[in-house]
Amino acid sequence: MKEIISQFDIKNEINTVSPLKIGHINDSFILKSSTPGAASYFLQKINHHIFKNVSGLQKNISIVTDHLRKKIIETGVSDVERRVLQLIPTKAGELFYKTTDGEYWRMYVNIENTHSYDAISSELAYKAGEAFGNFQCMLSDIPHNDLVETIPDFHNMEFRLKQFREAVENNAAGRLAANQTLVDEIEKRAWEMCAPERLFREGKLLKRINHCDTKVNNMLFDENDEPICIVDLDTVMPGFVLSDFGDFMRTAANTGAEDDVDLDNVGVNLEIFEAYTKGYLKYATFLSDIELDYLAFGAKLFSYMQTVRFFTDYLNGDTYYKIQHPEHNLQRTLAQFALLKSQEANFDKMKEIVYQAQYKNSKITVE
Ligand code: GN1
Ligand code: MG
């Protein structure tokens, strides 16, 4: 670890290295110095089996953070360094360090005195909606061609179903027989869930720059519980806006946890759904009618997509997501599927909430 840290262009001596248990993909550490007032750092080992083009990935992050920094400075804030991630280059001037064993590492300045949530109140959901709406606005003028797709077809439901069908076909871990009902449930909804891909091909739905991992815990809040910075920029790329809306709802507007063992805990939280929608639509004023129309669908889609992705990984023998126990991916699958069923039962209410929020916003603009 010392040898890795020494590659990065930092002045302070690092005295403590603490692993952080966040995310299912990369390994993260906080580095601290014992010198009072000295900056701390956030070091990550990038999972290059998943992010195969690390150089493209780091370039994306650098473009996105530079762009955000410029926009944030224009608003006149005094603490831009707390509002956008800051990559630390290596002493050789690279955006990442590759070890002789072929591991890839990157470093950011750690944004101190912040916290994140796995579950939030309506009040915070409203603020989070404003923050993600504003984030999409700020990124809307990055030319699409400047960014690579860090994971090709990442949120393409047709592609995820193809991977799923291959996993069913191969049955690599021998886990299929016990879970056939779930396969049928997924197939039953497959056509409906691929609607955005069809609309895209028909030229009716467009792609915008999205975060593509808007889990509630990817937002940092400051000491006053104000959203201060959006993190985990690995997947910022062109996608449907309903993805970012849907993934937030999947994680925040759920009365249970992503991997809840007790399925009775799981269900859509309409209060959070409403609060986030209102905050989001206040800023996301650029949406077309069809995008607005599909926002509530986005919430269902993301619970479905995550059901499919966790289940695919379970059938493949847990090769993608980090797991805490052998049945973890199945547990996650069942919890996400339970959320989907609750969203289906509440779909009309969700659509009405989006409609009302949009109506109120347009009234505010007119007055
Ligand atoms: C992964 O590890 P994390 O929390 O950043 C995954 C997301 C999933 C999420 C499910 C690159 O995100 O797409 O929605 O797990 N990231 C990647 O919790 O696959
Ligand atoms: Mg991520």
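Atoms within a ligand are numbered from 1 in the order they appear, just like the ligands themselves.
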Enquirer: Specify side chain, backbone, both or neither for Ile22, according to which of its non-hydrogen atoms lie closer than 4.0 Å to ligand 1.
Expert: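 Answer for Ile22: neither.
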Enquirer: Any donor-acceptor pair under 3.5 Å linking the side chain of Glu197 with the backbone of Glu158?
Expert: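 Absent.
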Enquirer: Okay, side chain of His211, backbone of Asp232: is any donor-acceptor separation there less than 3.5 Å?
Expert: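 Answer holds: yes.
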Enquirer: What is the distance from atom NZ of Lys127 to atom CG of Asp225, rounded to the nearest 0.5 Å?
Expert: 6.0 Å
Enquirer: Here's a test for you: under side-chain hydrogen bond (donor to acceptor under 3.5 Å, both in side chains), which of His24, Arg309, Arg332 qualifies with Tyr321?
Expert: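 Among His24, Arg309, Arg332, the one meeting side-chain hydrogen bond (donor to acceptor under 3.5 Å, both in side chains) with Tyr321 is Arg309.
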Enquirer: Can you confirm whether more than 12 heavy atoms, excluding those of Lys204, are under 6.0 Å from its NZ atom?
Expert: no
Enquirer: When only distance counts, is Asp232 in polar contact with ligand 1, meaning an N/O pair under 3.5 Å?
Expert: yes
Enquirer: Got the closest protein heavy atom to atom 4 (O) of ligand 1, with its distance?
Expert: Lys215 NZ, 2.6 Å
Enquirer: Tell me whether the NZ or CZ atom of Lys207 lies within the 45° cone about the ring axis of Phe240 and under 6.0 Å from its centre.
Expert: yes
Enquirer: So, Arg82 and Glu223, do they make that salt bridge, N to O below 4.0 Å?
Expert: yes
Enquirer: Please work out, at 4.0 Å between heavy atoms, whether the side chain, the backbone, both, or neither of Lys322 comes within that distance of ligand 1.
Expert: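 No part of Lys322 is near ligand 1 at this cut-off.
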Enquirer: Take the Mg ion (ligand 2) and tell me which protein N, O or S atoms are nearer than 2.8 Å.
Expert: Asp213 OD2, Asp232 OD2
Enquirer: So is Arg189 actually on top of Tyr304's ring, under 6.0 Å and inside 45° of the axis?
Expert: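 No.
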Enquirer: Can you check whether Ile14's main-chain N or O pairs, donor with acceptor, with Asn12's side chain at less than 3.5 Å?
Expert: no
Enquirer: Would Ile25 count as being in polar contact with ligand 1, using the rule that some N or O on each side must be under 3.5 angstrom apart?
Expert: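 The answer is yes, given that Ile25 and ligand 1 share an N or O pair closer than 3.5 Å.
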Enquirer: Answer with side chain, backbone, both or neither: which part of Asp213 has a heavy atom less than 4.0 angstrom from an atom of ligand 1?
Expert: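 It is the side chain that gets close, since no backbone atom is under 4.0 Å.
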Enquirer: Around atom 14 (O) of ligand 1, find the nearest protein heavy atom and jot down its residue, atom name and distance.
Expert: Gln306 OE1, 2.8 Å
Enquirer: Do any N/O atoms on His155 end up under 3.5 angstrom from N/O atoms on ligand 1?
Expert: no
